[in-house]
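Below you'll find the structure, written out as structure tokens, and then a few comments.
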Amino acid sequence: MIFRANLKEAVRSLSSAKQRTILALIGIVIGIGSVIAMVSIGKIVQAEVMTQFREMGTDILNISKDPAADAGGASKKRDFLGLKEALSIPAACPSIDQVSPNVNLGGEMSFSGKKLDGLVLLGVTENFPDINKVKVLKGRFISDLDENSHFCVLGNGAYQKLQGLGAGDVIGRTIKVNDLLFTVIGTMDSSTPGGMRTFDPNQTVYIHISTAMRVKNLWDITNITARVRPGASHRTAQAEVKEFFTKNVTANVKISSPEEVIAQMEKQMQMFTLLLGAIGSIALIVGGVGVMNVMLVSVTERRKEIGIRRALGARQNDIMGQFLMESIILSMIGGLFGILVGVGGSYLAAYFAKWQFGVSYMAIFLGVGVSSVVGIFFGFYPARQASRLDPIVALRSN
Amino acid sequence: MLELSDIRKSYRIGPTEIEILKGVNLKVVTGELMAIMGPSGCGKSTLMNILGLLDKPTSGTYAIMGTPVTYTDDDNLSRIRNRSIGFVFQQYHLLPRLSALDNVGLPLIYRGEREQEIRTRSLEYLKKVNMHERASHNPTELSGGQQQRVAIARAIAGRPSLILADEPTGALDTKVGQEIMDLFRRLNEEEGITVVIITHDPGIAKQCKRFVYMKDGTIIEQ
């Protein structure tokens, strides 16, 4: 069969010029690799976002001050709202089930004289674990009975940091925040950051909100996480909260729902996809031109062979098929390596970002498909040149 | 079998046009063993290319089995080359990357034969030229005479009715050349294949049933 013969011949020809073949492949490998990586990472991130939201639920609203509308409020006594008002939201808004206000504080933390970096101090209420879906590992969480007390609970990352400093079972030990001492009463299980959380729950030290506000001399809370009552719509809940704020508070409010956050993430993903897509297409074009170049050289080198084949009865289409086959095989080899590079790259990305890795089969089909299309497209011109050679001219050449 | 009438061929090299063939009239009868002789530059290779449908004449008609050749249908020319003509060249023209066996099978590939059939048939024809023990060797591992015998096996593998040989012994010494010549004669006598040999060696020409002599683009002696 001529197809099999062409296939064999293509492999033979490519392996007889290995160096050239490999050089021609680089562009294709990069091109296909970035396309595959783009698709795979997209898939992985999407899955990741879904698990984040699934963990915390999608019946959540995030209520905070709108930083964009801050400029005009010079006469305002307060920036946002106080704890009492925040806690009165469920009573005023029938669609809101619970609220968990918090204050987000900086501050230098240390344990037995050693600095603890990268931790956030968060003042919270008793229902924080319930709304944020974080679990206590050891000890207990802050209770509303701990008002103004100097107790703290460690996020899992903070807990591990302390253990690293030789705190052992950290419960009962004290950490220093600025000039104040806090006693550890519990530690939290690890949980995924992201989703509707505005902080990394692992790198957080929790204290009671009243303590936090008093220590820092704050009037305002930073953020409210609200859970929507089952059966109520996000939109009504948002409208109610907005109305509550216009009635009671002068500050402008920003309410974000999971849909908005997801939409925003998707927008970012789109930018990322577009960027990788652009890199991929440029690399593919460059790679394709490389394939074309190699094929043109191959045709020139094998003019005599073409002449002999024509003398033995090869039709123009047979010659065309032979060279097209060669360029397709060439690009497909590039495609296969590209798939490896792409899958490997997305594996590394997932590994460093601590995402759940997964291979998208769609990406593999895409890689094989795109590379063969590149082979056909850029191999067509050289193959056509080969087939159009005058047999007698071809036979005479060296 | 073949009939050339008033075949002319000219090439344009720069501004000047050079006429290589100046009205060739030639008939080749089925079963002939014919030699075309002449000094170099007389146009005998050009004539052979035209006979083999590798080149087309500037004017004149060429009929194969009574049918005039139409040069516009390239696929048809390929088909005739593939099925009816076997070429033997002075420089053997074997493909260096293929084994002797695969070289012999080439014409059959373009006929769309099955792989198994191609292998058996190629081996059979290698046997005919006594090269079957070297079937897996590449051309570079073979001597000139051996390569030419493989090339002859390739020429006859497609069971053509005509063999066109362009200086088939030109690159070989006398003894090996004679072996090749014997092979042609055997193919002509036993298989009834028409053989046209281009040569400038009178010793070769003498062994043919008929020879024509060319000079300056015309046949001067039949």
Side-chain angles (χ1 to χ4, degrees), chain A residues 1-21 294 297-326 329-330 383-398, chain B residues 9 11 20 45-46 48-50 52-56 71 73-99 102-119 138-139 151 154-158 160 164 166:
Chain A
M1 280 286 293
I2 185 124
F3 179 81
R4 294 259 307 261
N6 278 348
L7 191 71
K8 268 192 195 164
E9 182 55 36
V11 172
R12 214 158 16 212
S13 162
L14 289 173
S15 52
S16 73
K18 282 192 195 71
Q19 200 175 26
R20 202 165 68 199
T21 306
V294 163
V297 172
S298 180
V299 170
T300 313
E301 267 183 0
R302 288 154 73 194
R303 284 162 71 100
K304 188 173 212 118
E305 177 190 325
I306 294 165
I308 294 168
R309 286 176 184 274
R310 293 283 277 136
L312 297 178
R315 290 166 302 157
Q316 290 187 334
N317 280 343
D318 295 331
I319 300 295
M320 179 123 175
Q322 181 189 334
F323 282 93
L324 259 187
M325 178 69 84
E326 193 170 319
I329 298 279
L330 181 65
R384 196 179 138 91
Q385 276 215 325
S387 74
R388 291 294 167 93
L389 272 179
D390 187 350
I392 199 71
V393 174
L395 255 181
R396 279 205 203 109
S397 55
N398 295 306
Chain B
K9 177 72 188 177
Y11 291 103
I20 308 279
S45 282
T46 306
M48 149 119 172
N49 290 335
I50 285 172
L53 301 176
L54 291 170
D55 209 352
K56 59 179 176 211
Y71 288 94
D73 184 356
D74 193 82
D75 281 0
N76 190 41
L77 297 180
S78 297
R79 200 171 302 122
I80 298 171
R81 280 199 296 267
N82 184 247
R83 299 197 172 249
S84 311
I85 305 173
F87 289 92
V88 179
F89 302 94
Q90 182 178 4
Q91 295 304 327
Y92 330 124
H93 284 351
L94 298 173
L95 296 189
R97 278 197 305 270
L98 303 188
S99 67
D102 288 342
N103 262 295
V104 173
L106 273 176
L108 301 175
I109 284 177
Y110 292 117
R111 226 178 255 193
E113 299 271 2
R114 295 160 58 102
E115 208 171 81
Q116 192 49 47
E117 166 75 11
I118 292 174
R119 288 185 68 83
N138 275 20
R154 180 179 68 184
I156 57 176
L164 293 175
D166 188 358

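Lettering of chains follows the sequences in order, A, B, ..., and the numbering in each one begins at 1. What you see is a predicted model; the values in this text were computed from it and never measured.
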Relative to chain B, which segment of A:Arg309 carries a heavy atom at a distance below 4.5 Å: side chain, backbone, both, or neither? both

Is A:Ile308 in contact with chain B via its backbone, its side chain, both, or neither, using a 4.5 Å heavy-atom distance?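 Only the side chain of A:Ile308 comes within 4.5 Å of chain B.
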
Heavy-atom pair count under 4.5 Å with chain B, highest-scoring of A:Leu395, A:Leu312, A:Asp318: A:Leu312

Does B:Arg79 offer a backbone N or O that forms a donor-acceptor pair with the side chain of B:Asn82 under 3.5 Å? no

Relative to chain A, which segment of [X] carries a heavy atom at a distance below 4.5 Å: side chain, backbone, both, or neither?
X        : value
B:Leu98  : side chain
B:Asn76  : neither
B:Arg111 : neither

Let me have the donor-acceptor pairs involving side chains of residues 88-96 of chain B, under 3.5 Å, with sequence neighbours excluded, atom names and distances please.
none

Which residue is it: B:Leu54, B:Asn49, B:Asp74? I am looking for the one with a side-chain contact (heavy atoms from CB on, under 4.5 Å) to A:Pro391. B:Leu54

So that I can tick it off, tell me whether B:Arg119 and B:Glu115 are bridged by a salt bridge, with the cut-off set at under 4.0 angstrom between side-chain N and carboxylate O.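 Salt bridge: no.
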
Are side-chain heavy atoms of B:Arg97 and A:Glu9 found at a separation under 4.5 Å?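 Side chain of B:Arg97 against side chain of A:Glu9, heavy atoms only: contact under 4.5 Å found.
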
